[in-house]
Amino acid sequence: MNKQFSEIYLKIYDAIGQIPYGKVATYGQIAEKAGLRGQARLVGYALYSLPDGLDIPWHRVINAKGEISALPDPDWRGIQKGLLEAEGIRFNQNGRVDLKQYRWDSKSKL
DNA sequence: GCAGTGACTAGTA
DNA sequence: ATACTAGCCACTG
C-alpha cells in the first residue's frame, strides 16, 4: 500500500493542515495555498484519493457555496457535518456554513 | 499517448 | 434566487 503521491497532493494536504480549528476553507483557497491557484478540482481529486490514516482535517474543506460537496454517500456528508459541528461550526437550515463567518482567512495569522 | 472524468469556481441567462 | 456553460489541470483506463 505504498502509494506514492505527487508533490501536488502533498502540498494540498499540507495546505489543508494549515486550516485552524473551528474554521473552514474552500477548495479554491486550498488550491491557491498549494500553488494550484484556481484548480480547485485538483484539490477535490486529491481528497478523493486521500488515503486513510493521515491526520488531515479534510472535513474543513468545503466548496465556495459553503456546502459540503463530498462523496455521493449521505453518511459521508453526515460525518463531515458532525465533525464540523464538533468544532463549533453551525449550519444553516440549508445545510450551509456561513462562509462570511467561518471561512478561513489565509491572510490572517494564527 | 489520447480520451474521459472530477469532493470546483466564476460567469451568464 | 436558481440553472446551465465554459475553463482549468492532474489522475485513470
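Proteins come first, then strands; the chains are lettered A, B, ... in the order of their sequence lines, and each starts at number 1. Just so it is clear, the structure is predicted and the values come from calculations on it, not from any experiment.
Remark: A:Lys11 pairs with no residue by the salt bridge (charged side-chain N to carboxylate O under 4.0 Å, His left out) rule, at least two apart or across chains. Scored by the side-chain hydrogen bond (donor to acceptor under 3.5 Å, both in side chains) test, A:Glu67 finds no partners at all (sequence neighbours excluded). Under the rule for a side-chain contact (heavy atoms from CB on, under 4.5 Å), the partners of A:Asp14 that lie at least two apart in sequence or sit in another chain are A:Gln18.
Atom-to-atom, NZ of A:Lys11 to P of C:dC9 comes out at 15 Å; the value is rounded to the nearest Å. Atom CG in A:Leu99 sits roughly 13 Å away from atom C1' in B:dC8 (whole-Å rounding). Whole-Å rounding puts the A:Ile8 CD1 to C:dT12 P distance at 12 Å. Protein atom CD1 of A:Ile12 is 13 Å distant from nucleotide atom C1' of C:dC8, rounded to whole Å. Between A:Leu50 atom CG and C:dA10 atom C1' the separation is 16 Å, expressed in whole Å.
Taking every heavy atom of residues 80-95 of chain A and every atom of DNA chain C, no pair lies under 4.0 Å. Listed by residue number, the members of residues 28-46 of chain A with any heavy atom below 4.0 angstrom from DNA chain C are A:Gln39, A:Arg41, A:Leu42, A:Tyr45.
Counting any heavy atom pair closer than 4.0 Å across all strands shown, A:Ile68 reaches no nucleic acid atom.
For the pair A:Thr26 and B:dC8, the criterion of a side-chain N or O lying under 4.0 Å from OP1 or OP2 is not met.
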Using the 3.5 Å cut-off, write out each protein N or O paired with an N or O of nucleotides 10-13 of chain B and the distance between them.
none

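Identified under the salt bridge (Lys or Arg N to Asp or Glu O under 4.0 Å) test for residues 78-98 of chain A, with sequence neighbours left out: A:Arg60-A:Glu87, A:Lys81-A:Glu85. For the side-chain hydrogen bond (donor to acceptor under 3.5 Å, both in side chains) condition, no pair includes a residue of residues 31-46 of chain A, sequence neighbours left out.
Closest non-hydrogen pair, A:Ser49 versus A:Tyr9, comes out as CB-CE2, 3.8 Å. Here the closest non-hydrogen pair linking A:Ile12 and A:Ala46 is CD1-CB, 3.6 Å. Closest non-hydrogen pair, A:Gly66 versus A:Leu99, comes out as N-CD1, 3.5 Å. Of all heavy-atom pairs spanning A:Ala34 and A:Ala15, the tightest one is N-CB, 4.4 Å.
Using a distance-only test at 3.5 Å, with no hydrogens or angles considered, a donor-acceptor pair links the side chain of A:Gln80 to the main chain of A:Val61.
Among the nucleotides B:dT9, B:dA7, C:dA10, the one closest to the side chain of A:Leu47 is B:dA7.
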Can I get a per-line list of side-chain donor-acceptor pairs under 3.5 Å for residues 22-30 of chain A, giving both atom names and the distance, sequence neighbours left out?
| residue | atom | partner | partner atom | Å |
| --- | --- | --- | --- | --- |
| A:Thr26 | OG1 | A:Gln29 | N | 3.3 |
| A:Gln29 | OE1 | A:Thr26 | N | 3.2 |
| A:Gln29 | OE1 | A:Arg103 | NE | 3.0 |
| A:Gln29 | NE2 | A:Trp104 | O | 2.4 |

